[in-house]
Amino acid sequence: MAAVRISSRSGLPSLLLYLGIGIALGQDGIFDVKFDNAELTQVIGYAALVVILAEGGLGAKWKEVKPVLPAAAVVSTVGVGISVGITASAAHYLVGLDWRQALIIGAVVSSTDAAAVFSVLRRVPLPPRITGVLEAESGFNDAPVVILVVAFSAAGPVEHWYVLVAEIALELAIGAAIGIAVGWLGSLGLRHVALPASGLYPIAVMAIAVSAYAAGAMAHGSGFLAVYLAAMILGNSKLPHWPATRGFADGLGWLAQIGMFVLLGLLVTPHDLVDDFWPAIVVGLVLTMVARPLSVFLSLAPFRMPAREKVLMSWAGLRGAVPIILATIPMVSGVQGSTRIFNIVFVLVIVYTLIQGPTLPWVANKLNIADDPAEADDLGIESAPLERLRGHLLSVDIPAKSKMHGVEVGELRLPAGAAVTLVVREGTSFVPSPATVLRRGDELLVVATDPVRDRAEERLRAVGEGGKLAGWLGTGSPVANAPGMVGPHGGSAIPQAMKLAKKLGGAGAGAPGNGNGSGTKTSP
C-alpha cells in the first residue's frame, strides 16, 4: 500500500514501483529468485489485462467518450499502423534488427498501456475530449496490436498487409458486437433482477465483463475489445449500488497491476539489459519524438482539434506493462532473438515512462491546456432497489461545483412518483419542504417508484448540470408544469412515492418541517 501512495503522490505510474519490487526479488536482486517462465507470465498478464480493461471501461464516462469515439477509433487503428511502420524502420535501419524482429518491436511498443493511462490521466485536469480520446484509445488499441504481434511472431512468412488488415477488421468487428451485446444484456439483467445481497452486484458486474472477453475469444474475435466495450456499457447503465461496484473494480484493478508488474520484474535479468540499453533508447526516441506525433497528427487530420491538443496527446502516449507482456509472445513462439526483443522493450518502457508520466502535468500547463473550472461536477448517485416495495432509494451527493447549489427542492420538478424525503447537511438530517434550498455538500435521499426511477435520475443530473432552468436551457427533461411533473411548490400529487416513503419511515417533499431546517428557505 505504501507503493500505491508513493505512486499517487509522485505522478509516476505504479508500473515502475512494482517492477522495481519484482526486480529486487528476482535474479541479480536481494533474494535472487530465479524465474524464467515466459508462458506463465503471458497467461497471467493476459488475465490481469482483462481486469484492468474492465476497470477502465467501468470508469469511462459515455458523455465524454461518445463525441470523440470516431477519433479514438482512428488513432487506435490507423495511428497504430503508422507508428508500427516508423518504429520498425528505426529498429531495422538504426539498430540493425532483421525485419521480423523490427516489426515485432514496432507493434509491441505502439500500444499505449491502459493501466498507465488510467492512473496518470485521472490525476491531470484535462478537458474531457482529450481524456476521452486517450482513455478510449488505450482501451481499443490493445486488440489490433495483439493481432499484429501474433502474426509477426508466427512461424513462416508474414502475411500480406491487406490480409492482416482484413483479419484485424474482422476480429475487431466480432469483438465489438459481442462486447456490446454482453454489456447490454448484462445491464438489463442487473437493473431488473434484485440480487439477494448488495455485495453480489460488484461480483456480477466483473463476471459479466470477463464473460465478454471469453465469448469474444471463443468466437475468434477480439476479447480485449469485447471486455472494454461491455464494461463501458455496464459503467454507464446506472446500475444499483454503483459506488460499491466502482470501489470493488478499482481494488481488483490495483491487485491485477501489482501481480502483473511484480511478475514481469521477476522475469527480467538485469545484467542482460546492459547491452540493449542504447538500442532501446534509440528506438524509444524515434517512437516518442517521431512515430507517436506523426500517428496522432495524421490520423486526427480529418478531425477539428487544435494543434496544441494533438501535441499533448502525442506526449501522453504512455507505455506500461502491456508492451512488456506482448514482448513475451515472441519468446513463447520461439522467435530468434526474442530475448533481445524483450530486453529492448523492457528498457524502453522503463526509461520513457519515467520521463513522460511525471512531466505530463507540466506539458499540459505549458500548452495552456486545463479542464474548465466552471464546468459543473456530475452528481454522485447511488441506487438501491427495493424489490418488495417496487421502488428505489436514490442517494444523491451534491459536489462542490454542482449547479444544484441554490436550487429549492420544489424547483427540482421531479416526476410524479419521486420525492426528496431526507436531506443530510453538515452531519444533521432533516425532512425538507418544497422551499428548502439545497447546498453544495448536501446528501439527499430520493424515493422513486419503478416506472419513474430513470426519469428521476435523469432530472436530477440535468439540474446538477444546468441548474433550475435546465429544461429551458436545452438540458434534461422539461421544466414546465407538464403532466407528471412536480410544480415549483410541490403542487402535483405524488401518492405512490409518499406511500413508499411512509413505509420507509420518511415523508414526502411537502411534509411539514421538523425544526431542523425543513420548511425554511435558507440562503444559498
Side-chain angles (χ1 to χ4, degrees), residues 12-19 22 38 41-57 72 75-77 79-80 83-84 87 104-121 134-150 152-153 175 213 217 222-228 231 253-265 267-268 280 283-284 287-288 291-292 295 316-332 341-354 356-357:
L12 290 171
S14 55
L15 155 76
L16 300 178
L17 299 171
Y18 300 128
L19 278 178
T41 303
Q42 180 182 324
V43 171
I44 295 178
Y46 274 24
L49 181 56
V50 169
V51 174
I52 292 169
L53 285 173
E55 189 273 329
V75 173
S76 58
T77 51
V80 163
S83 180
V84 169
T87 307
I104 291 174
I105 286 183
V108 164
V109 299
S110 293
S111 172
T112 55
D113 183 75
V117 171
F118 296 153
S119 64
V120 172
L121 286 186
L134 291 172
E135 290 197 3
E137 178 203 4
S138 67
F140 293 161
N141 64 12
D142 291 333
V145 165
V146 169
I147 298 171
L148 287 174
V149 175
V150 171
F152 295 150
S153 302
Y213 172 82
S222 172
F224 293 120
L225 181 59
V227 67
Y228 186 76
W254 274 107
L255 286 176
Q257 291 182 55
I258 292 171
M260 179 172 60
F261 296 160
V262 170
L263 196 61
L264 290 171
L267 185 63
V268 73
V283 173
L287 170 68
T288 305
R292 173 66 181 180
S295 68
L318 303 177
R319 271 73 193 172
V322 172
I324 303 176
I325 292 171
L326 297 181
T328 64
I329 295 178
M331 296 177 71
V332 174
I341 293 174
F342 181 85
N343 292 339
I344 290 175
V345 171
F346 192 93
V347 173
L348 185 156
V349 168
I350 295 295
V351 171
Y352 286 94
T353 302
L354 183 62
Q356 289 177 274

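Just so it is clear, the model here is predicted, and its values are computed rather than measured. Sequence positions, counted from 1, serve as the residue numbers for this chain. Note that these values count all heavy atoms, side chains included, but never hydrogens, waters or copies made by symmetry.
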F140 vs T77 side-chain heavy atoms within contact, under 4.5 Å: no
How long is the span from the OG1 atom in T353 to the CG atom in L348, to the nearest 0.5 Å? 8.0 Å
Looking at A327 and F342, what are the two nearest heavy atoms and their distance? CB-CD1, 3.9 Å
Taking all non-hydrogen atoms of both residues, which atom of T328 and which atom of A38 are closest, and how far apart? CB-O, 4.1 Å
Does any non-hydrogen side-chain atom of I324 lie less than 4.5 Å from one of M260? no
Heavy-atom side-chain proximity of I350 to L354 below 4.5 angstrom: no
Atom pair OG/CD1 of S153 and I104 - distance to nearest 0.5 Å: 3.5 Å
Mind running side chain to side chain contact (heavy atoms under 4.5 Å, CB included) on F224 and V145 for me, showing each step along the way? CA-CA 11 Å; F224 293 120; V145 165; over 6 Å; no
Nearest 0.5 Å, what's the OG1-CD1 distance between T41 and I325? 9.0 Å
So which atom in A54 and which in V227 form the shortest heavy-atom distance, rounded to 0.1 Å? CB-CG2, 4.1 Å
Could you tell me if S83 and S110 have a donor-acceptor pair between their side chains, going purely by distance under 3.5 Å? yes
Rounded to the nearest 0.5 Å, how far does CG of L17 lie from CD of Q257? 11.0 Å
Please answer whether the main-chain N or O of V109 pairs with a side-chain N or O of R319 as donor and acceptor at a distance below 3.5 Å. yes
Could you tell me which non-hydrogen atom of F261 sits nearest to which non-hydrogen atom of A321, and how far apart they are? CE2-CB, 2.6 Å
Work out which heavy atom in P323 is nearest to a heavy atom in V349; give both atom names and the distance. CB-CG2, 4.1 Å
Rounded to the nearest 0.5 Å, how far apart are CG of L19 and CG of L263? 10.5 Å
Could you check if a side-chain atom of L267 sits within less than 4.5 angstrom of a side-chain atom of F346, using non-hydrogen atoms only? no
Look at the aromatic rings of Y18 and W254 and report parallel, tilted or perpendicular, splitting at 30° and 60°. perpendicular
I would like to know whether L326 and I329 meet side chain to side chain contact (heavy atoms under 4.5 Å, CB included); could you show each step before the answer? CA-CA 5 Å; L326 297 181; I329 295 178; 4.0 Å; yes
A143 versus S222, closest heavy-atom pair with distance: CB-OG, 2.8 Å
Could you tell me the separation between the CZ atom of F152 and the CD1 atom of I105, rounded to the nearest 0.5 Å? 12.5 Å
